[in-house]
Amino acid sequence: PDRLPVHAHEYATDLVDSVAGLRGLSVLFIAANILGQGVSAAVDGQLLVQAAAGIGISGIWWIPFLLGVIAVGSFFGLHSVILIVIIGHTLPPATIGLAPATLALLMLTSWGIGGVLSPLSNLTLYAANMLGESNWTMAWRDNGLYALGCIAISAVVIMGFHLVQGGAL
């Protein structure tokens, strides 16, 4: 019993000391949110919805479309969190015919896929460094087919989730 406060104090101290190492990530998330707010102020989400409807994207078909958009952005090095924030600010779930839980699942999934597909993500940089490989080779050649499979499987699973939740086609 006497040691519990000591361990709690050590844990709290370690936790506070570790926060300084997260400055870069914190700046990224703040910058992504500011960028998302700026884009949403400049872009009318309803115009995007109308443009997408012009090429046949509506309702449930937003799921594979948005997964693909985020994957393409990640493929070219844009961090998926930036695209997720922009989508979240410009395309509210009700505007595109998805439930908030469905869009949240899509965003979470695409964040993971973007992490392995982006040549500039910490995950890819770390793994490439450990294996002595180029981060571009790892992201595009080694992880490309894997990410494509993840997109296909994720689209089917998220579409199924959407339908089970009572969403429309």
Side-chain angles (χ1 to χ4, degrees), residues 15 18-43 45 47-49 51-52 54-93 95-96 98-162:
L15 183 65
S18 299
V19 170
L22 299 175
R23 285 186 306 244
L25 286 175
S26 299
V27 169
L28 170 70
F29 292 126
I30 291 168
N33 207 349
I34 291 170
L35 178 64
Q37 288 286 353
V39 170
S40 69
V43 175
L47 290 176
L48 294 176
V49 171
I55 58 171
I57 297 168
S58 64
I60 198 169
W61 298 108
W62 276 99
I63 295 169
F65 178 74
L66 290 176
L67 284 170
V69 166
I70 294 170
V72 168
S74 296
F75 183 81
F76 288 108
L78 192 58
H79 198 288
S80 54
V81 75
I82 294 170
L83 294 166
I84 289 167
V85 168
I86 290 171
I87 288 168
H89 284 295
T90 57
L91 298 171
T95 305
I96 58 176
L98 299 176
T102 301
L103 189 58
L105 181 59
L106 182 145
M107 290 175 169
L108 182 63
T109 303
S110 60
W111 191 339
I113 294 169
V116 298
L117 193 55
S118 174
L120 303 176
S121 75
N122 284 341
L123 177 65
T124 302
L125 290 170
Y126 181 76
N129 186 43
M130 282 188 56
L131 297 173
E133 208 173 295
S134 160
N135 57 314
W136 304 94
T137 301
M138 176 161 282
W140 294 348
R141 187 195 70 199
D142 298 345
N143 292 343
L145 190 57
Y146 168 76
L148 188 61
C150 287
I151 291 167
I153 292 168
S154 296
V156 169
V157 169
I158 296 169
M159 290 167 92
F161 176 80
H162 174 73

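- Contact of the Ile87 side chain with the Met107 side chain is registered, since non-hydrogen atoms from C-beta on lie closer than 4.5 Å.
- Nearest heavy-atom pair, Gly115 versus Ser121, reported as atom, atom and distance to 0.1 Å: O-OG, 2.5 Å.
- Atom OG of Ser118 and atom CH2 of Trp140 lie 9.5 Å apart (nearest 0.5 Å).
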Pair Leu35-Val85, side-chain contact (heavy atoms from CB on, under 4.5 Å): steps then yes or no: CA-CA 8 Å; Leu35 178 64; Val85 168; over 6 Å; no

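- To the nearest 0.5 Å, atom CH2 of residue Trp111 and atom CD1 of residue Ile113 are 14.0 Å apart.
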side-chain contact (heavy atoms from CB on, under 4.5 Å) evaluation trace for Arg141 with Trp136: CA-CA 8 Å; Arg141 187 195 70 199; Trp136 304 94; over 6 Å; no

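- Heavy-atom minimum distance, Ala147 versus Val116: CB-CG2, 4.4 Å.
- Between atom OG of residue Ser110 and atom CG of residue Leu83 there is a gap of 8.5 Å, rounded to the nearest 0.5 Å.
- Once rounded to the nearest 0.5 Å, the distance linking CG of Leu117 with CD1 of Ile70 reads 11.5 Å.
- Closest approach of Ala155 and Pro64 over heavy atoms only: CB-CB, 4.2 Å.
- Considering CG of Leu67 and CD1 of Ile158, their distance stands at 5.0 Å, rounded to 0.5 Å.
- Heavy atoms only, all atoms of each residue included: Asn135 and Thr124 are closest at O-CG2, 3.6 Å.
- When all heavy atoms are compared, the tightest approach of Ser80 to Ser74 is CB-OG, 3.6 Å.
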From CA spacing to verdict: side-chain contact (heavy atoms from CB on, under 4.5 Å), Leu103, Ile96: CA-CA 10 Å; Leu103 189 58; Ile96 58 176; 4.3 Å; yes

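- Distance CD1/Ile84 to CG/Leu66: 10.5 Å, rounded to 0.5 Å.
- In the displayed structure, Ile55 atom CD1 is contacted under 6.0 Å by more than 12 heavy atoms of other residues, nucleotides or ligands.
- Trp62 has its side chain within reach of Leu91: a pair of non-hydrogen atoms, C-beta onward, lies under 4.5 Å apart.
- Counting only heavy atoms from C-beta outward, the side chains of Asn33 and His89 approach each other to under 4.5 Å.
- Contact record, Ala128 with Met138: N-SD, 3.5 Å, taken as the closest heavy-atom pair.
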